[in-house]
Amino acid sequence: MEMGKSLLFLLLLISLSLDVIVSANFYNDVDITWGDGRGKILENGQQLQLTLDHTSGSGFQSKNEYLFAKIDMQIKLVPGNSAGTVTAYYLSSQGPKHDEIDYEFLGNLSGDPYIMHTNVFAQGLGNREQQFYLWFDPTLDFHTYSVLWTPNQITFSVDGIPVRVFQNRETELGKVDSNYHYPKSQAMRAIQAFGMQMIGRLEVG
């Protein structure tokens, strides 16, 4: 698959602050998990750079797992012809019955608006996706995309404005319905993948 020249080499710079983890340093807090050298930790651990070229992207995940958390990522999406790319950050556990909470932004042809995808997996079951057209151009500036995961609900927000609330409805009517499984017992890692510009703040509670 060929990409436009604007996508031949994309840089992602990330600055991270972990409120509960004392170090707040990329060397201590994350592992670069793929990309064959396209991911680099810079500035004595204060920044992380990911690159995307015509061969591969790159990504990282947190060393620690969290059971309930708040994550804010300030993201500036790729402008122009970004068709064929995926920008994603999410929380995920492991295994066939994994839990996951995610944002995804699929690349598109020049001039087409980005669509923001949100999804929740619980015990391996997904199909809880909701899509949103943003009310601004996400390629012009950084905007904050947040997940607040509590025992009762998951709130997706953009620039502090809630756009989706996924409630824990497992015990409605005194029984558990598989359609309403809720991620509440599997700790998850914070993961980021592919090509975008972003700075992040992760609060864990």
Hey, does S146 have a side-chain heavy atom less than 4.5 Å from the side chain of F156?
no
Pairwise distance CG(L67) to OG(S185) - rounded to 0.5 angstrom:
7.5 Å
Start with the C-alpha distance between I41 and I32, add both sets of side-chain angles, then the distance that settles side-chain contact (heavy atoms from CB on, under 4.5 Å), and finish with yes or no.
CA-CA 9 Å; I41 296 175; I32 297 173; 4.1 Å; yes
Return the set of residues passing ring pair (Phe, Tyr, Trp, His ring centres under 6.0 Å) with H117 (not counting sequence neighbours), or none when no residue passes.
none
Beyond-backbone contact of K184 with E170, side-chain heavy atoms, under 4.5 angstrom
yes
Does the side chain of F121 reach to within under 4.5 Å of the side chain of D99, using non-hydrogen atoms?
no
Side chains of R164 and R128, heavy atoms from C-beta outward: is any pair under 4.5 Å?
yes
Does Y90 have its ring centroid less than 6.0 Å away from the ring centroid of Y103?
no
Verify same cluster id: L140, M116 (apolar side-chain graph, 4.5 Å)
no
Could you tell me whether a side-chain N or O of E129 sits under 3.5 Å from a main-chain N or O of V120, the two making a donor and an acceptor?
no
To the closest 0.5 Å, what do you measure between NE2 (H181) and CG (N168)?
11.5 Å
Hey, could you give me the NE2/CD distance between H98 and Q123, rounded to the nearest 0.5 Å?
12.0 Å
Between G160 and P162, the two heavy atoms sitting closest are O-CD, 3.5 Å
Is S93 close to E100 at the side-chain level, that is, under 4.5 Å between some pair of heavy atoms?
no
Tell me whether L148 shares a hydrophobic cluster with V165, the cluster being built from Ile, Leu, Val, Met, Phe, Trp, Tyr side chains joined at under 4.5 Å.
no
In Å and rounded to the nearest 0.5 Å, what is the CD to OG1 distance from Q167 to T150?
10.0 Å
Beyond-backbone contact of F136 with D159, side-chain heavy atoms, under 4.5 angstrom:
yes
Strictly distance-based, threshold 3.5 Å: is any side-chain N or O of W149 a donor or acceptor partner for the main-chain N or O of I101?
no
Could you state the interatomic distance from CG (L125) to NZ (K97), rounded to the nearest 0.5 Å?
8.5 Å
Within the structure provided, determine whether T155 and V147 are in side-chain contact (heavy-atom separation under 4.5 Å).
no
Where at least one partner belongs to residues 133-153, residue pairs that pass salt bridge (charged side-chain N to carboxylate O under 4.0 Å, His left out), sequence neighbours excluded
none
Option among F132, F105, Y133 that satisfies the side chain to side chain contact (heavy atoms under 4.5 Å, CB included) test with Y114:
F105
Any side-chain heavy atom of Y27 within less than 4.5 Å of one from N44?
no
Which pair of heavy atoms, one from A187 and one from E65, lies closest together, and at what distance?
CB-CB, 3.7 Å
Y89 reachable from F68 in the ILVMFWY side-chain graph, under 4.5 Å edges:
yes
Flag yes if L91 and Y182 sit in one hydrophobic cluster, no otherwise; membership is Ile, Leu, Val, Met, Phe, Trp, Tyr, and two members link when side-chain heavy atoms are under 4.5 Å apart.
yes
When hydrophobic residues are tied together by side-chain contacts of less than 4.5 Å, even through go-betweens, does V163 share a cluster with L134?
yes
Check whether the side chains of R189 and S62 place a donor and an acceptor atom closer than 3.5 Å, and report yes or no.
no
Is the closest basic N to carboxylate O distance between K63 and D31 below 4.0 Å?
yes
